[in-house]
2 protein chains.
Amino acid sequence: MGEGAQFEQVRPVRLYQRIVEQIEGALAQGELKPGERLPSERELVTQFGASRSTVREALRVLESNGVVRSRPGDPNGPEILPFSTQGLTKQITRLTQVDEVGLGELISFRMILDGSANMLAARLRTQDELASMEATIEVMRETIDLGYEEFSEADVAFHDAIARVSRNSLIQVCNQVVRGVVLSLISDKISRSRNSKALMRQSLHHHEEVLEAIRAGDGPAAARISRRNLYDYYAGYLPKGEREPLLALLLDVKPVV
Amino acid sequence: MGEGAQFEQVRPVRLYQRIVEQIEGALAQGELKPGERLPSERELVTQFGASRSTVREALRVLESNGVVRSRPGDPNGPEILPFSTQGLTKQITRLTQVDEVGLGELISFRMILDGSANMLAARLRTQDELASMEATIEVMRETIDLGYEEFSEADVAFHDAIARVSRNSLIQVCNQVVRGVVLSLISDKISRSRNSKALMRQSLHHHEEVLEAIRAGDGPAAARISRRNLYDYYAGYLPKGEREPLLALLLDVKPVV
DNA sequence: TGAAGGTGACTGGTCTGACCAGTGGACTTT
DNA sequence: AAAGTCCACTGGTCAGACCAGTCACCTTCA
């Protein structure tokens, strides 16, 4: 357990880092809020007492971390962005590129997170929350005829509801991030036809199954069902030899026979 | 499900981004490997045909993502770093600062990941792997008298073994990252005495329990035990009112009575 | 011959000042 | 009041300069 590092690395601190720290600090302290604007680069130069090169290096770092966005010609200065998962996604994507992590691991990660979120939801839901979840799935039923975009929106709303009910947004954030990475990895193998109405119906059905388990307050069932759904959906993209770890997850809770 | 975004954002691509992409691409293609060196900034200026400011902005971004490291006076040029979890940690930390994620969520996240890793290990282990895991825990037993540093090292080795056996390094990476963030959040509340021998023994005992379940091939037990251990260890840092979601996780698999 | 010391060609970090192509608000014109 | 014009200001990029370090080489000395 426990680190134990008594001493910090004492590598030279560069000016641009100080600037980054100050701005990130102001954000952490709530002195800056998303939507607000930073002063212009030239104004920051005078405020920080550093050169424009230095200020710009700081802004580039913040920008690459998804904290701010500069746009040329914008007279209001760099914009402070709301939190986004962009940075997380970039890191996870990098993991896959360094070959530390493969598709199979991403999928089983999703099975674990999604299953856990649904299990928590089943255990922690209140009556009110159950009602609101049923409302979002009702929206899904209605949008299924309106087209993929609308359906997808309703789908996201459902998962947001799960996140709230499971009392753990971190799970949901990671889940969404990994989902995005998985989709980008298999995007070339996905045929256009996947957006067909039949598949939307299948997806809806899966969600209904999960919600049924949540309604019943049956955590293990909610976890098992959502994992199986994910497996059915994604395992096809995986070489047969690499599916064993995923199958091991499906045994997590004994299926009801 | 699925995105559906047909059109990409078409915001102006800045020069430094092109440079970042080229270098990251070369890394993804394996043309550059950790430990190797990039040409010096002035050399990159000629290779990319951009100004030094632009090249430097690119390097700062890469540096902030943990890809390279520049050191003044180093005649070999910027160093390409091996993959590290630094970037991931930064992102998760930011999540906690934006108040999207609290300590309770981090802890339950760990309970989920650690539990799942151990469950997978119990299900997927081979005889050889079991032997090597027992070897690492034997090392822990021996180092317990040598002091905290050595013990901690052996502890890491044990978890590395779990990661290998569970066939999922992503779980382990996230687990370690979140563990680091949790420790930094509660670091001020941790008394020095926590590194006492008694606590090392307790930790060792917890590991032995988990390994016992893995040896028996009992996935649910491995998950349940490791979750309970984490709960015992961390729940004290959480206000009583926020422990309910964690307790919900302990019910995941029925305890053996 | 071998070790100590000095030197200079590099490195990255920082600054200055300049130019460009856009943007958007203020101002003028209709 | 609506339409069009203009200009101050934005960020993006560049060239060139200086500094403080580092390290390899080379000289010098024992």
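Residue numbers start from 1 in every chain, and the chains themselves are labelled A, B, ... in the order their sequence lines are given, proteins ahead of strands. Computed over heavy atoms, backbone and side chain alike; hydrogens, waters and symmetry mates excluded.
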Query raised in the report: What is the distance, rounded to the nearest whole Å, between atom CZ of A:R71 and atom P of C:dT23?
Result: 10 Å
Query raised in the report: Rounded to the Å, how far apart are A:I19 CD1 and C:dG13 P?
Result: 14 Å
Requested in this report: Before giving the answer on side-chain contact (heavy atoms from CB on, under 4.5 Å), spell out for B:I92 and A:L88 the whole-Å C-alpha distance, their side-chain angles and the decisive distance to 0.1 Å.
Outcome: CA-CA 8 Å; B:I92 303 279; A:L88 255 185; 4.2 Å; yes
Query raised in the report: Can you tell me how far C1' of D:dG11 sits from CD of B:Q17, to the nearest Å?
Result: 13 Å
Query raised in the report: Whole-Å distance between D:dG21 C1' and B:D74 CG?
Result: 11 Å
Report task. Starting from C1' on D:dG12, measure out to CG on B:L15 and report it in whole angstrom. Result -> 8 Å
Report task. Give a yes/no on whether any side-chain N or O of B:R14 is located under 4.0 angstrom from OP1 or OP2 of D:dG12. Result -> yes
Requested in this report: Would you mind checking if B:K90 and A:E24 are paired as a salt bridge, meaning a charged N to carboxylate O distance below 4.0 Å?
Outcome: no
Query raised in the report: Are A:R141 and A:E138 close enough for a salt bridge, meaning some N to O gap below 4.0 Å?
Result: yes
Query raised in the report: Given atom CZ of A:R37 and atom P of C:dT23, what is their separation to the nearest angstrom?
Result: 15 Å
Query raised in the report: Side chain of B:S152, backbone of B:E149: donor and acceptor closer than 3.5 Å?
Result: no
Report task. Please determine, for the side chain of B:S51, which listed nucleotide (C:dT14, D:dC23, D:dT13) has the closest atom? Result -> D:dT13
Query raised in the report: Given that B:S70 and A:G73 both sit by DNA chain C, which one's nearest nucleotide is further toward the 5' end?
Result: B:S70
Query raised in the report: Any donor-acceptor pair under 3.5 Å joining the side chain of A:R42 to the base of D:dG11?
Result: yes
Query raised in the report: So what does B:R60 touch, heavy atoms closer than 4.0 Å: a base, only the sugar-phosphate, or nothing?
Result: sugar-phosphate
Report task. Nearest-nucleotide wise, let me know which of A:G77 and B:S53 is further upstream toward the 5' end of DNA chain D. Result -> A:G77
Query raised in the report: Given atom CD of A:E79 and atom P of C:dG24, what is their separation to the nearest angstrom?
Result: 12 Å
Query raised in the report: Quick one: which of C:dT14, D:dC23, D:dT13 gets closest to the side chain of B:P75?
Result: D:dC23
Requested in this report: Under 4.0 Å between any heavy atoms, over every strand shown, what does A:L59 touch: base, sugar-phosphate, or nothing? Just pick one.
Outcome: nothing
Query raised in the report: Any donor-acceptor pair under 3.5 Å joining the side chain of A:R56 to the base of D:dG11?
Result: no
Query raised in the report: Looking at B:E57 and B:R60, does any basic side-chain N land under 4.0 Å from a carboxylate oxygen?
Result: no
Report summary line: Whole-Å distance, A:E43 CD to D:dA8 P, equals 19 Å
Requested in this report: May I ask you to verify whether the side chain of B:R52 and the base of C:dT14 hold a donor-acceptor pair under 3.5 Å?
Outcome: yes
